[in-house]
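Let me begin by presenting the structure, written as structure tokens, before commenting on it.
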Amino acid sequence: MATYTITDLAKEFDITPRAIRFYEDQGLISPSREGPSGRNRVYSARERTHLKLTLRGKRLGLSLSEIKHLVTMYDSPKDTEVQLKSFLDVLAKHRASLEQQREDIEVMLDEITAHEEESQRLLEIVNKAKVSA
């Protein structure tokens with residue numbers, strides 16, 4: 001069975017060993033320990049998959065608790081229907097949140113445009129007044 005060091009995984013996923021240790025602290029991955037005083041972390045294929053799922057969840061913008069829930073489901077007995085429904089629920093909630101953020105950004109951009117136009121109009125009035133004076 002393949003095993004990986006923290007350096008192997010850091011290189012493969014282009015992240016720092018510190019990030020991997022953080023995910024370990026959060027309970028998302030649990031490497032075994034070898035060597036003197038259990039100093040060396042050894043990651044199994046299962047832990048590599050957990051890290052991959054964690055990073056995929058982060059790219060989707062999921063919270064660590066949402067990722068942990070999904071990773072935990074990955075380890076549970078394979079009831080694909082329950083897992084897929086749960087994943088779809090998480091994605092739907094995340095989509096709704098992102099759509100609300102997009103709507104809020106559109107409103108803010110419209111307000112900025114209105115302020116820019118008004119400021120430009122006022123600047124033109126000021127400049128015309130200078131020329132007339």
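Residue numbers count from 1 along this sequence. Predicted model, so just to flag it, every value in this text is computed and none were measured.
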### Task
Would you indicate whether the side-chain heavy atoms of L28 and F22 approach each other to under 4.5 Å?
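No, every pair of side-chain atoms sits at 4.5 Å or beyond.
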### Query
With sequence neighbours excluded, what pairs up with E34 under the salt bridge (charged side-chain N to carboxylate O under 4.0 Å, His left out) test?
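Residues passing salt bridge (charged side-chain N to carboxylate O under 4.0 Å, His left out) with E34: none at all.
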### Query
With sequence neighbours excluded, what pairs up with K85 under the salt bridge (charged side-chain N to carboxylate O under 4.0 Å, His left out) test?
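For K85, the residues satisfying salt bridge (charged side-chain N to carboxylate O under 4.0 Å, His left out) (neighbours in sequence not counted) are E81.
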### Task
Compare every heavy atom of A10 with every heavy atom of I20, then report the nearest pair and how far apart it is.
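For I20 and A10, the tightest heavy-atom pair comes out as CD1-N, 3.6 Å.
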### Query
Which heavy-atom pair separates N40 from G35 by the least distance, and what is that distance?
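Scanning both residues completely, I find the closest heavy atoms to be ND2-CA, 4.1 Å.
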Identify each donor-acceptor pair in which a side-chain atom of residues 92-108 lies under 3.5 Å from a protein atom, sequence neighbours left out, and give them as a table.
residue: K93; atom: NZ; partner: D89; partner atom: OD2; Å: 3.2
residue: H94; atom: NE2; partner: L60; partner atom: O; Å: 2.5
residue: Q100; atom: NE2; partner: D104; partner atom: OD1; Å: 2.9

Nearest-0.5 Å distance, [atom1] of residue [X] to [atom2] of residue [Y]:
X: L70; Y: R56; atom1: CG; atom2: CZ; answer: 11.0 Å
X: I29; Y: R48; atom1: CD1; atom2: CZ; answer: 12.5 Å
X: S63; Y: H69; atom1: OG; atom2: NE2; answer: 10.5 Å

#### Entry: salt bridge (Lys or Arg N to Asp or Glu O under 4.0 Å) partners of residues 18-31, not counting sequence neighbours, each pair once
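Of all non-adjacent pairs touching residues 18-31, those that pass salt bridge (Lys or Arg N to Asp or Glu O under 4.0 Å) are E24-R33, E24-R41.
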### salt bridge (Lys or Arg N to Asp or Glu O under 4.0 Å) contacts touching residues 116-133 (sequence neighbours left out)
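Passing the test, one end in residues 116-133: E118-R121.
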### Query
What about L62 and I15, same hydrophobic cluster or not, with Ile/Leu/Val/Met/Phe/Trp/Tyr joined at side-chain heavy-atom distances under 4.5 Å?
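Shared cluster, yes.
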### Message
Using the rule that Ile, Leu, Val, Met, Phe, Trp and Tyr join whenever any side-chain heavy atoms are under 4.5 Å apart, tell me whether L53 and V90 fall into a single cluster.
### Response
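Both belong to a single hydrophobic cluster.
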### Message
List the residues meeting side-chain hydrogen bond (donor to acceptor under 3.5 Å, both in side chains) with D8, not counting sequence neighbours, and say none if there are none.
### Response
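Counting only residues at least two positions away or on another chain, D8 forms a side-chain hydrogen bond (donor to acceptor under 3.5 Å, both in side chains) with T5.
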### Task
Begin with the C-alpha distance, continue with both residues' side-chain angles, and end with the deciding distance and a verdict on side chain to side chain contact (heavy atoms under 4.5 Å, CB included) for Y23 and I67.
CA-CA 11 Å; Y23 294 135; I67 293 168; over 6 Å; no
### Task
Show your working on side chain to side chain contact (heavy atoms under 4.5 Å, CB included) between K58 and L64 and close with a plain yes or no.
CA-CA 8 Å; K58 289 306 291 177; L64 288 178; 4.1 Å; yes
